[in-house]
Amino acid sequence: MISNLNSFIPNLDELKRRAEPHEDSRPSAEALFVATGELRNAGYRDDNQKLFEVVRDYFAAELEHRNRRGLFLSGPAGIGKTFGIMVMAARFGWPVIPAQTFEEVWLSGENTAGWDAFVQGQDFFGKPRLIVIDDLGTENCPVCRFGTSCNLLAEVLDTRYRVSFLRSGIRTIVTTNFNDEQLRSRYGYRIDDRLNEMFQFAAVGGKSLRG
């Protein structure tokens, strides 16, 4: 029994190795060229140069399997966060799930197994995978079901940390309009601390492209 239990306890050295950047974390010039071309061909504009570079660099590193942590992309509404991530998601087959959709699925009465499969982003064969949580912070909080209320996305992030990231190294990508203070206020210091291990953070400013 002990050996079985130990298989679920993450190795601390391995966790440190995952959290630390690669010595070779910078993608090659070839990968950057490909990522830039694919983003521009999809119509992704570089009006916001910093945002374009963040998305491009993560895209290029993904092409070369260099990313060990997810990407947490924060900034004002309308600057192109979601579109840039969706171009990558289409390229790599990642499901993009709006934060409010988690609430809808939870309130639909989905059973535990179905809910866990949804949060883990399981594919047709039941394999967990990277998911994109779009517009974190737009969901209602708390959410009440069957007389029980909870901070649903805090639970989702905690599950993605414990089950996806620690056990299997499976990453998560998040877009949000929240700043650091708002994130801590909504999800608490415990989740905030876990996010630091799960993600590369990029806070980007800029004007809305919708105007």
Side-chain angles (χ1 to χ4, degrees), residues 10-11 13-98 120-121 123 127-136 157 160-161 164-180 183 194-211:
N11 180 286
D13 290 335
E14 173 63 15
L15 291 186
K16 274 189 200 172
R17 187 182 64 77
R18 277 188 201 154
E20 289 168 357
H22 273 280
E23 291 180 6
D24 252 349
S25 58
R26 180 71 180 168
S28 67
E30 291 81 4
L32 289 168
F33 178 80
V34 171
T36 298
E38 292 200 24
L39 287 167
R40 286 187 172 149
N41 287 341
Y44 193 50
R45 295 157 55 182
D46 58 2
D47 304 56
N48 187 324
Q49 188 63 31
K50 181 179 177 183
L51 176 60
F52 186 88
E53 289 174 359
V54 167
V55 173
R56 179 205 63 194
D57 288 0
Y58 198 85
F59 192 154
E62 191 68 23
L63 290 169
E64 298 185 319
H65 308 288
R66 295 176 184 269
N67 291 319
R68 294 195 181 191
R69 289 188 285 179
L71 178 63
F72 199 102
L73 193 54
S74 63
I79 62 174
K81 301 184 301 296
T82 295
F83 183 43
I85 297 302
M86 288 185 74
V87 175
M88 278 199 288
R91 174 67 159 78
F92 298 110
W94 301 332
V96 178
I97 307 172
Q120 291 301 312
D123 62 16
K127 182 180 178 182
R129 56 185 166 164
L130 184 153
I131 65 171
V132 177
I133 302 175
D134 188 39
D135 266 343
L136 181 71
L157 290 167
R160 294 293 301 180
Y161 172 78
S164 303
F165 182 71
L166 290 188
R167 292 184 188 174
S168 306
I170 296 172
R171 292 164 291 129
T172 306
I173 291 178
V174 171
T175 70
T176 185
N177 298 338
F178 275 14
N179 59 31
D180 289 346
L183 286 167
R194 294 184 167 198
L195 297 182
N196 289 330
E197 188 177 342
M198 287 174 70
F199 294 104
Q200 300 175 28
F201 283 85
V204 183
K207 295 180 180 179
S208 174
L209 302 177
R210 297 189 181 112

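What you see is a predicted model; the values in this text were computed from it and never measured. No hydrogens, no waters, no symmetry mates; every other heavy atom, side chains included, goes into these values.
Y58 meets the ring-ring contact (aromatic ring centres under 6.0 Å, His included) test with no other residue; sequence neighbours excluded. Evaluation of the side-chain contact (heavy atoms from CB on, under 4.5 Å) rule for N48 yields K50, L51, I79, V204 as partners, not counting sequence neighbours. Legend: residues meeting side-chain contact (heavy atoms from CB on, under 4.5 Å) with E30, ordered by chain and number and at least two apart, are S28. Scanning for salt bridge (Lys or Arg N to Asp or Glu O under 4.0 Å) contacts around R40 gives D46, with sequence neighbours left out. In terms of the side-chain contact (heavy atoms from CB on, under 4.5 Å) criterion, residue partners of A42 (sequence neighbours excluded) are, by chain and number, V87. Residues satisfying the salt bridge (Lys or Arg N to Asp or Glu O under 4.0 Å) criterion with D57, sequence neighbours excluded, are R26. Partners of N177 under the side-chain hydrogen bond (donor to acceptor under 3.5 Å, both in side chains) rule, at least two apart in sequence or in another chain, are K81. Here F201 pairs with F72, L195, N196, F199 under the side-chain contact (heavy atoms from CB on, under 4.5 Å) rule; sequence neighbours left out. Residues passing the salt bridge (Lys or Arg N to Asp or Glu O under 4.0 Å) test with D47, sequence neighbours excluded: R45. With sequence neighbours left out, T176 forms a side-chain hydrogen bond (donor to acceptor under 3.5 Å, both in side chains) with no residue at all. By the side-chain hydrogen bond (donor to acceptor under 3.5 Å, both in side chains) test, E62 is found to be paired with N67, R171, residues two or more places apart in sequence or in another chain being considered.
Between A77 and S208 the shortest heavy-atom distance is O-CB, 3.8 Å. Between R160 and T172, the shortest heavy-atom contact is NE-OG1, 2.9 Å. When all heavy atoms of G80 and Y44 are compared, the closest pair comes out as O-OH, 3.0 Å. Taking every heavy atom of both residues into account, F165 and R68 meet most closely at CE1-O, 3.7 Å. When all heavy atoms of P76 and G206 are compared, the pair lying nearest together is CG-O, 3.9 Å. The shortest heavy-atom contact between S164 and Q120 is OG-OE1, 2.7 Å.
Distance alone, capped at 3.5 Å, is enough to place a donor-acceptor pair between the R129 side chain and the G121 backbone.
The distance from atom CD1 of I85 to atom CD1 of I173, rounded to the nearest 0.5 Å, is 5.0 Å. To the nearest 0.5 Å, atoms OG1 (T175) and CG (L73) are separated by 7.0 Å.
For CZ of F92, the number of neighbouring non-hydrogen atoms (other residues, nucleotides, ligands) closer than 6.0 Å is greater than 12.
Within the 4.5 Å cutoff, side-chain heavy atoms of E197 are placed close to those of L166. In this structure, R194 and L157 have side chains that are not in contact, with every pair of non-hydrogen atoms separated by 4.5 Å or more. Under the 4.5 Å side-chain criterion, counting only non-hydrogen atoms from C-beta, D135 is not in contact with P98. Between T36 and F59, every side-chain heavy-atom pair lies at or beyond the 4.5 Å cut-off.
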Subject >> Test side-chain contact (heavy atoms from CB on, under 4.5 Å) applied to L39 and F52, step by step >> reply: CA-CA 9 Å; L39 287 167; F52 186 88; 4.1 Å; yes
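For residues 83-98, the pairs satisfying side chain to side chain donor-acceptor pair (under 3.5 Å) are E38-R91, with sequence neighbours left out.
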